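What follows is a short report on a single structure.
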Amino acid sequence: MALTAVKGFNDILPEESGRWQHIEQTARRVFELNGFGEIRVPVLEKTELFSRSIGDGTDIVEKEMYTFTDKGENNVTLRPEGTAGVMRAFIEHKLYALDPVSKLYYMGPMFRYERPQKGRYRQFHQIGAEITGVNDPLADAQLLNMLTAFFREIGLDEPTLQINSLGCPECRPAYRSTLRSFLEARIDQLCDDCKRRFVSNPLRTLDCKAQGCIEATAGAPSVLDHLCSGCDSHFSSVRRYLDLSGTPYSINARMVRGLDYYTRTTFEMVTGLLGSQSAVAAGGRYDGLISQLGGPSIPGIGFAMGLERIALLLGAKEFSSQPDLFIATMGAGERDVAFCLMDGLLKSGVRVEMDYEGKSLKSQMRRADKLNARYSVVIGENEVASGRAAFKRMADGLQIDAALTVDAIAPLVRKTV
RNA sequence: GUGGCUAUGGUGAAGCGGUUAACACAUACGACUGUGACUCGUACAUACGAGGGUUCAAAUCCCUCUAGCCACCCCA
């Protein structure tokens with residue numbers, strides 16, 4: 001093969017793009033219903049934006065970013081996630097000055113240099129939403145309800161919502177050291193990875209899949225028992241609002257996030273159908289992020305969902321449309337008439353196909369069938385002379401006589417639902 | 001970054017050292033003399049991921065590389 005796409009970068013072919021559009025349109029509809037407006041930000045940002053927001057020690061920043069120096073000697077990076085860029089724009093354009101509460105959504109490609117596997121690619125696509133300016137747990141709950149609504153609308157009931165609270169800079173350090181002393185006593189039972197995590201990120205040992213670690217951490221202290229009073233009441237309010245609106249969820253005190261900026265509420269939509277890529281959507285509150293990036297001290301909360309993973313879950317559901325009418329012609333003499341008829345019908349919104357290259361009637365009919373046209377019509381000398389033709393309903397072969405005019409044809413073949 | 005598996009036409013695949021690379025689907029054209037889905041006929045890999053080697057002879061054995069998939073790490 002001469003030239004191929006870059007490893008981990010995929011083409012979305014027409015066969016699949018219908019499904020993608022369905023996902024995107026559903027997200028737009030649900031998000032806009034909730035008062036979110038779309039923001040479009042660049043895919044390329046200064047590297048510093050990501051190292052400062054996501055965190056220097058995270059895997060994303062340490063080994064997964066597409067970072068390079070451009071011709072002007074700027075150190076730039078293809079965005080590995082969406083929130084940082086959106087918040088940069090939020091601060092840069094002082095959107096907080098327009099409105100104390102802003103609700104934004106975005107969609108587009110993200111880039112991470114990882115080894116591709118099922119549901120994980122180097123260029124992947126996310127749809128995300130962010131609320132800034134609200135401390136109240138009401139914002140957390142609305143965002144979670146919106147996420148739940150999206151999955152309901154898209155027709156997926158499989159992914160389930162899990163929530164947790166990670167505390168804040170007040171209470172997390174204390175919990176972390178409590179956990180560390182718990183682990184210290186059992187460090188021999190931990191796997192090699194977790195011995196490393198014990199130092200770098202002890203919370204991570206809680207969601208390790210190794211049997212020894214699961215046993216060793218079975219009685220580990222829970223974050224939720226070590227929240228400060230502010231975080232504790234915030235979390236219980238979030239739960240109360242979810243209960244009030246009947247949103248199903250479960251609490252997973254072992255859920256950890258990969259980005260440093262999360263505080264308090266964190267959550268994931270989890271599926272069991274994608275192997276180890278169980279998270280279809282994930283997010284959380286990031287009360288310190290905006291000020292960390294040089295903006296005012298404004299809280300925020302948001303999520304991102306993975307389009308590829310949702311598309312995978314949607315599976316083989318059919319989203320392609322069918323032509324209303326296929327026009328077949330007997331000979332070159334009728335093609336002018338057919339072409340004008342097609343043009344007129346297209347202008348009035350009827351989806352029409354015709355044969356472009358003067359193939360045999362047999363081929364044309366086969367094509368009408370293959371395209372799954374709802375009606376077909378054959379135009380020959382007789383039809384041109386009489387100005388009428390038989391429109392064949394492909395599903396059952398019924399033929400209906402009608403005049404060869406847009407006004408007569410459009411209502412006949414147009415899908416009436 | 002680590003590990004495992006796999007690489008034959010548009011697709012799914014047979015082939016396990018010996019003349020024309022099976023079969024199916026898809027595609028194109030045709031047969032049933034102006035009407036699809038059934039049936040039938042014809043066409044369709046100078047070629048077996050790339051490069052090297054062994055051999056009289058390789059898609060079939062060996063080596064290297066590359067790619068894809070899956071898993072780990074991590075993550076949407």
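Each chain gets a letter, A, B and so on, in the order the sequences are listed, and its residues count up from 1. Just so you know, these numbers come straight off a predicted model, no measurement behind them.
Counting non-hydrogen atoms under 4.0 angstrom, A:G283 reaches nothing in the nucleic acid. When heavy atoms are screened at a 4.0 angstrom cut-off, A:A281 is found touching the sugar-phosphate backbone but no base atom. Residue contacts shown for A:F391 are absent, as no nucleic acid heavy atom lies under 4.0 Å away. Nucleic acid contact class of A:L259 (heavy atoms, under 4.0 Å, all strands): sugar-phosphate only. When heavy atoms are screened at a 4.0 angstrom cut-off, A:A328 is found touching no nucleic acid atom at all. Nucleic acid contact class of A:K63 (heavy atoms, under 4.0 Å, all strands): base.
To the nearest whole angstrom, the two P atoms, one in B:rG3 and one in B:rC61, are 24 Å apart. Between B:rU8 and B:rG68, the distance separating the two C1' atoms is 15 Å to the nearest Å. The gap from the P atom of B:rC44 to that of B:rU35 amounts to 29 Å, rounded to the nearest Å. The separation of B:rA59 from B:rA50, taken at their P atoms, amounts to 11 Å, rounded to a whole angstrom. Taking atom C1' in both B:rU46 and B:rG41, one finds a spacing of 26 Å when rounded to whole Å. Straight-line distance between the P atoms of B:rG49 and B:rC16: roughly 16 Å, to the nearest whole Å. Taking atom P in both B:rC32 and B:rC70, the straight-line distance is 50 Å, to the nearest Å. Rounded to a whole angstrom, the distance from the P atom of B:rA45 to that of B:rU11 is 14 Å.
Separating the CD atom of A:E114 from the P atom of B:rC72 is a distance of 13 Å, rounded to the nearest angstrom. Residue A:R122 contributes atom CZ, which lies 17 Å from atom P of B:rC75 at whole-angstrom precision. Taking atom CG of A:L78 as the reference point, atom P of B:rA76 lies 18 Å away to the nearest angstrom. Atom pair A:N10:CG and B:rC69:C1' shows a separation of 12 Å (rounding to whole Å applied). The CG atom of A:D192 sits 13 Å away from the P atom of B:rC74 (whole-angstrom rounding). Residue A:I54 contributes atom CD1, which lies 13 Å from atom C1' of B:rC74 at whole-angstrom precision. Rounded to an integer number of Å, the gap from CZ of A:R115 to C1' of B:rA67 is 11 Å. Rounded to an integer number of Å, the gap from CG of A:N201 to P of B:rC74 is 9 Å.
Note on A:Q117: every side-chain N or O is 4.0 Å or more away from OP1 and OP2 of B:rC70.
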Solution key, residues 37-46 of chain A side-chain donor-acceptor pairs under 3.5 Å, sequence neighbours excluded:
{"from": "A:E38", "atom 1": "OE1", "to": "A:R28", "atom 2": "NH1", "distance (Å)": "2.8"}
{"from": "A:E38", "atom 1": "OE1", "to": "A:R40", "atom 2": "NH2", "distance (Å)": "3.4"}
{"from": "A:E38", "atom 1": "OE2", "to": "A:R40", "atom 2": "NE", "distance (Å)": "3.3"}
{"from": "A:E45", "atom 1": "OE1", "to": "A:R88", "atom 2": "NH1", "distance (Å)": "3.0"}
{"from": "A:E45", "atom 1": "OE2", "to": "A:R88", "atom 2": "NH1", "distance (Å)": "2.6"}

Donor-acceptor pairs under 3.5 angstrom involving side-chain atoms of residues 401-409 of chain A: please list them, not counting sequence neighbours.
{"from": "A:D401", "atom 1": "OD2", "to": "A:R388", "atom 2": "NE", "distance (Å)": "2.7"}
{"from": "A:D401", "atom 1": "OD2", "to": "A:R388", "atom 2": "NH2", "distance (Å)": "3.0"}
{"from": "A:T405", "atom 1": "OG1", "to": "A:A408", "atom 2": "N", "distance (Å)": "3.2"}

Side chains of residues 147-154 of chain A: which donor-acceptor pairs under 3.5 Å do they make with residues two or more places apart or in other chains?
{"from": "A:T148", "atom 1": "OG1", "to": "A:L144", "atom 2": "O", "distance (Å)": "2.8"}
{"from": "A:E153", "atom 1": "OE1", "to": "A:R29", "atom 2": "NH2", "distance (Å)": "2.6"}

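In this structure A:H234 satisfies the ring-ring contact (aromatic ring centres under 6.0 Å, His included) test with no other residue, sequence neighbours excluded. In this view, A:E308 satisfies the salt bridge (charged side-chain N to carboxylate O under 4.0 Å, His left out) rule with no residue, not counting sequence neighbours. The side chain to side chain contact (heavy atoms under 4.5 Å, CB included) test applied to A:K63 returns A:D59, not counting sequence neighbours. Remark: A:Y96 engages A:F90 in a ring-ring contact (aromatic ring centres under 6.0 Å, His included) (not counting sequence neighbours).
In summary, A:R374 and A:D324 engage in a salt bridge, as defined by a charged side-chain N under 4.0 Å from a carboxylate O.
Inspection of the A:E114 and A:Y121 side chains reveals no N or O donor paired with an N or O acceptor under 3.5 Å. Using modelled atom types and a 3.5 Å distance limit, the side chains of A:T265 and A:D140 yield a donor-acceptor pair.
The aromatic ring centroids of A:Y105 and A:F31 lie less than 6.0 Å from each other.
Ranked by how close their nearest RNA chain B nucleotide is to the 5' end, A:G8 and A:D59 are led by A:G8. For the pair A:E268 and A:P116, nearest-nucleotide mapping onto RNA chain B gives the more 5' position to A:P116.
Side-chain atoms of A:R309 and base atoms of B:rC75 include a donor and an acceptor less than 3.5 Å apart.
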Could you encode protein contacts along nucleotides 25-38 of chain B as a string, one character per nucleotide from 5' to 3', using B for base contact, S for sugar-phosphate-only contact and - for no contact, with a heavy-atom cut-off of under 4.0 Å?
--S-BBBB-BBBB-

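Within the structure, side chain to side chain donor-acceptor pair (under 3.5 Å) contacts touching residues 327-343 of chain A (residues at least two apart or in different chains) are A:D343-A:K347. Sorted by first then second residue, the salt bridge (Lys or Arg N to Asp or Glu O under 4.0 Å) pairs that include residues 211-225 of chain A, not counting sequence neighbours, number zero.
In the region residues 332-342 of chain A, proximity to RNA chain B at under 4.0 angstrom, judged on heavy atoms, holds for none of the residues.
RNA chain B forms stems at B:1-7 with B:66-72, B:10-12 with B:23-25, B:27-31 with B:39-43, B:49-53 with B:61-65, each a run of 3 or more consecutive Watson-Crick or G-U wobble pairs whose two key distances fall under 3.5 Å.
Relative to the ring axis of A:F124, A:R112 does not place its NZ or CZ within 45° and under 6.0 Å from the centre.
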